[in-house]
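To find a chain, count down the sequence lines: A is the first, B the second, and so on, and within it residues start at 1.
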Amino acid sequence: MLDPKIIKENPQIIRDMLKARSVDFDLDGLIKSDQKRRELIIKTDELRKKKNQLALDISQKKKMGENPSSILSEMKNISGDLTKLESEQQIIENTYSKLALTIPNLIDETVPIGIDQNANKEIRKWGTIPNFDFKIYDHIDISKDLDLVDLERAAKVAGARFYYLKNDLVRLNQSLIHYGLEFLAKKEYSLIQPPYMINRESMEGAIIADDFEEVIYKIDEEDLYMIGTSEHAMAAMHSKEIIDGKDLPLRYAGISPCFRKEAGAHGRDQKGIFRVHQFDKIEQFVFSRPEDSRNEHEKMLAVSEEFYQNLEIPYRVILLSTGDMGKVSSKTYDIEAWMAGQNTYREIVSCSNCLDYQARRLKIRYRDKTNEDTQYLHTLNSTLIATTRILVSIIENFQTKDGHIRIPQVLQRYMGNQKEI
RNA sequence: GCGGGGAUCGCCUAGCUUGGUAGGGCGUGGGAUUGCUAAUCCCAUGUCAGCAAUGACUCGUGGGUUCAAAUCCCUCUCCCCGCGCCA
């Protein structure tokens, strides 16, 4: 949700944003319904004022022992008019909020403009791409050979895009989680293990309606949705709260499984564990003062980069273009890790500044002093690690000539000092 | 799952029986006054509309009754106590 003031006073900014994102949106409808809405508010307020006055008169007369029947009939009329006006207002209010909830976020001026990923900008590269003097394999072949995943039985039991992790890969997955949590705890993030299912209201705070169908699983007959990431649960954590300014920024490290329908991904990454319906993820989530959010954004990116440097995984940082970016984000960096088996960089981290967009939906405000006006704060989120993708990268990048997998130095202590799988 | 109690402003609370302008305290900020280890008093402190003056809304949610609902009736959600079931 955007600041209604911008829509009212400076619609050109919104028009530019919609064009840059190549998004089809009924802005005129939004502006019109907003106008109509304001007019109706003024009308109903006036009528209510009258009604309140009459109610007061009635109670006065009754106190004085007089008969209020003459006022009663007038009151009845006004109540009737008001009910009509209120239902009219409700309709307009629904139209307005439906549009207001689907309009995408504003775009940071540093974001490259373009229709798709071809307009993305590479910011930097880190690490040396491994050079192999033997024939290499992808993560599917290697993990089959070492008995580390069972995709066939997962397909039998749950369907495509599910997996059984097995043996040392289970331990490696847990090591990544353990190391990731220790890493963020040292940086003074509060560790959070959130609910894995949340209600509709909370989910709508974090994502836009179209995403429901594409990514979110719903629990039948319950007002519950499986989180697609702990971001959803952490964003809603402070909904409808007024946070004390001195507690900001709030930096959270969320650990949870993530559940995704992947409905729009038919045929892409069909094999293996790169794109799956369920994976573990540690997520950074920050609630910040508006003036600090750009700075916090860069910090989160730096934290994730440091993590991959420690894991010795070559990566590059990409600044997403307007056409490739999520609608909730104003600026997104992706980190793409080298995957030797595919001979390319693939997305592992997405790091976004959502400005006050989510905060407005979720009504998360702050103030420094209790007599001050409340202000919407800014929310930011970044992957630290989505484990399955890093497992792919580790398996492929660290494969050895004799068909094993070298375990990155920093993870060895979490695997009983084992050096190889 | 059953029985009982509850949800009021950032926090604590009064009001509900008997319908008629939601009051007080704490905290925080501003101001005033007096100056013996500090005290007292006043104002402000949710949301929306409005340039403003103002006005409207807000008592967990959604309905209903009524001229009028925090208050009466119904639905749902959540919390607490007891019982039951349970990894």
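Ring geometry, A/Trp338 versus A/Tyr345: the interplanar angle exceeds 60°, so the pair is classed perpendicular (tilted spans 30 to 60°). Using a 30° and 60° split on the angle between ring planes, A/Tyr315 and A/Tyr308 fall in the perpendicular class, above 60°. Using bins of under 30°, 30° to 60° and over 60° for the plane-to-plane angle, the ring pair A/His277/A/Phe162 lands in the tilted bin.
Using a 3.5 Å distance cut-off with no hydrogens or angles, the side chains of A/His232 and A/Tyr225 do not pair a donor with an acceptor. The closest side-chain donor-acceptor pair between A/Thr229 and A/Lys281 falls under 3.5 angstrom. A donor-acceptor contact closer than 3.5 angstrom links the side chains of A/Gln358 and A/Thr379. Between A/Asp280 and A/Asn173, the side chains place a donor N or O and an acceptor N or O closer than 3.5 Å (distance only, hydrogens not considered). Using modelled atom types, one finds no donor on one side chain facing an acceptor on the other under 3.5 Å when comparing A/Tyr137 with A/Asp145.
Rounded to whole Å, the separation between the C1' atoms of B/U17 and B/U71 comes to 10 Å. Look at the P atom in both B/A53 and B/G46: the space between them is 16 Å, to the nearest Å. Rounded to a whole angstrom, the distance from the P atom of B/C57 to that of B/G25 is 25 Å. Taking atom P on both nucleotides, B/G1 is separated from B/C73 by 24 Å, rounded to a whole Å. Separation of the C1' atoms belonging to B/C86 and B/G6 is 26 Å when rounded to the nearest angstrom. When the P atom is compared between B/A22 and B/G55, the two are found 14 Å apart, to the nearest whole Å. With both ends at atom P, the span from B/C80 to B/G20 equals 32 Å, rounded to whole Å. To the nearest whole angstrom, the two P atoms, one in B/A56 and one in B/U37, are 47 Å apart.
Atom-to-atom distance recorded for A/Ile407:CD1 and A/Leu311:CG is 12.0 Å, nearest 0.5 angstrom.
Position along RNA chain B of the nearest nucleotide to A/Met75 versus A/Lys49 favours A/Lys49 as the more 5'-ward residue. RNA chain B is contacted by both A/Ser79 and A/Ser59; A/Ser59 maps to the nucleotide lying nearer its 5′ end (nearest heavy atom per residue).
Within residues 359-367 of chain A, the residues that have a heavy atom under 4.0 Å from RNA chain B are, in order of number, A/Arg365, A/Arg367.
When heavy atoms are screened at a 4.0 angstrom cut-off, A/Thr44 is found touching no nucleic acid atom at all. At a threshold of 4.0 angstrom between heavy atoms, the contacts of A/Lys50 with the nucleic acid are absent. Among the heavy atoms of the strands lying under 4.0 Å from A/Asn52 are primed sugar atoms or P, OP1, OP2 only; no base atom is included.
Proximity of A/Ile405 to A/Leu148: side-chain heavy atoms (C-beta onward) are separated by under 4.5 Å at one or more points. In this structure, A/Leu181 and A/Ile177 have side chains that are in contact, with non-hydrogen atoms separated by less than 4.5 Å.
Stem regions for RNA chain B, each three or more consecutive Watson-Crick or G-U pairs with both distances under 3.5 Å and listed by first number, read B:1-7 with B:77-83, B:10-13 with B:23-26, B:27-32 with B:40-45, B:46-49 with B:54-57, B:62-64 with B:72-74.
Chain A approaches RNA chain B within less than 4.0 angstrom (heavy atoms of the protein), and the contacting nucleotides run 5' to 3' from B/G10 to B/A68.
For A/Lys218, the NZ atom counts as densely surrounded, since its 6.0 Å shell holds more than 12 non-hydrogen atoms of other residues, nucleotides or ligands.
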